[in-house]
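Notes for the one structure printed next.
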Amino acid sequence: VWVLALALLAGCGARGFLHLDRRTFDGQVRVWLGGGGNSTVVMEGSQALVVDPKMLGFARRLRKEVEEDLGRSVRRLVLTHSHYDHAGGAGEFRSVGAVLVHPRARARLAGDSAGGCRPGGGGMPEPGLTLAPPRAPLFESPGQGRVRDLCALPYVEVAGEVTLWLGGEEVRVWHPGVGHTDGDLVAYLPSRRLLVAGDLAMNGWLPRVDPQAGGNPLAFWRTLDAVLELEFDSVVPGHGDIGGREIIERSRDYLRALEGDVRQARADGLTEDQAASRVGLRAELKGTPPLPTESHSGNVRLVYRALVDAETDAPP
Ligand SMILES: [Zn+2]
């Protein structure tokens with residue numbers, strides 16, 4: 001339980017994400033806010049695609065409500081990244097035929113399962129497409145009454161971009177670059193001008209970077225810049241309510257300004273500790289309501305370290 005609590009705190013912040021709240025985006029798209037990461041359900045005929053299945057009992061409730069209340073069989077999952085509050089409940093979805101995930105996120109999920117999925121499994125793969133198959137056959141028959149192991153899911157690795165067609169519905173699943181982790185995927189529904197952003201977007205929290213999962217604050221805002229080139233009006237963030245493009249613009253602006261401020265602090269000779277206490281939120285960002293400050297100094301430290309690392313890595 002403590003490991004889980006710590007993972008939640010490290011992953012995505014502790015506030016407000018357990019309360020489950022349902023939203024109807026339109027006739028085909030529903031959103032289950034909270035209970036871990038937000039879940040987006042795209043319905044097509046008798047089937048459904050779910051972006052982020054939540055965790056534990058919340059995943060079970062989501063599955064029951066989609067399968068029993070809405071009468072849809074969940075055939076596809078998209079995992080926006082490997083954090084447990086988003087992906088941990090994937091095994092609940094026994095009728096799923098394909099689980100789309102970035103190769104590095106899949107490796108982490110495999111590593112988090114007992115013993116890993118391969119002998120010596122759980123290590124970081126080389127960047128790019130990894131073709132190592134999961135331990136179980138790709139299309140096993142759905143188990144009865146037992147949650148499938150995260151190793152046994154029929155993963156489809158998405159290192160770049162794939163387009164799914166659900167009936168007439170186009171769903172683009174894309175890795176826009178390193179950000180919250182190094183294995184984030186977004187789902188983009190162009191006909192609805194809807195972006196499902198995972199933890200690349202938080203509504204009501206500062207952007208969070210998980211360096212242990214390859215996240216990088218310097219890459220993050222550049223990745224958000226790339227995301228903003230898509231044409232969308234609505235965003236389902238990883239946590240917090242549905243909103244518009246401003247959720248992503250705000251995060252991009254915050255991280256871009258933060259990089260500039262920490263570069264200046266380093267140029268002024270400040271240590272990491274000094275920067276963490278002195279680099280505040282910029283005045284123009286303070287007025288923006290959903291920008292709480294509790295993890296700002298932590299972000300300053302992450303940017304500071306990322307700049308030191310980038311310097312160390314640079315050729316002489
Ligand atoms: Zn996360």
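Just so you know, ligand 1 is whichever comes first in the structure, and atom 1 is the first atom listed for that ligand. Note that these values count all heavy atoms, side chains included, but never hydrogens, waters or copies made by symmetry.
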Salt bridge or not for E68 and K64, using N-O below 4.0 Å?
no
Restricting to N/O/S atoms, is H180 within less than 2.8 Å of the Zn ion (ligand 1) or not?
yes
Cationic N near anionic O, under 4.0 Å, E92 to K54:
no
With under 30° as parallel and over 60° as perpendicular, where do the rings of Y188 and F232 fit, or are they tilted in between?
perpendicular
Are any of the side-chain nitrogens in R222 or E259 under 4.0 Å away from the carboxylate oxygens of its partner?
yes
Atom nearest to the Zn ion (ligand 1) - D199, N, O or S atoms considered:
OD2
Rounded to 10°, how many degrees is the angle NE2/H81-the Zn ion (ligand 1)-ND1/H83?
90°
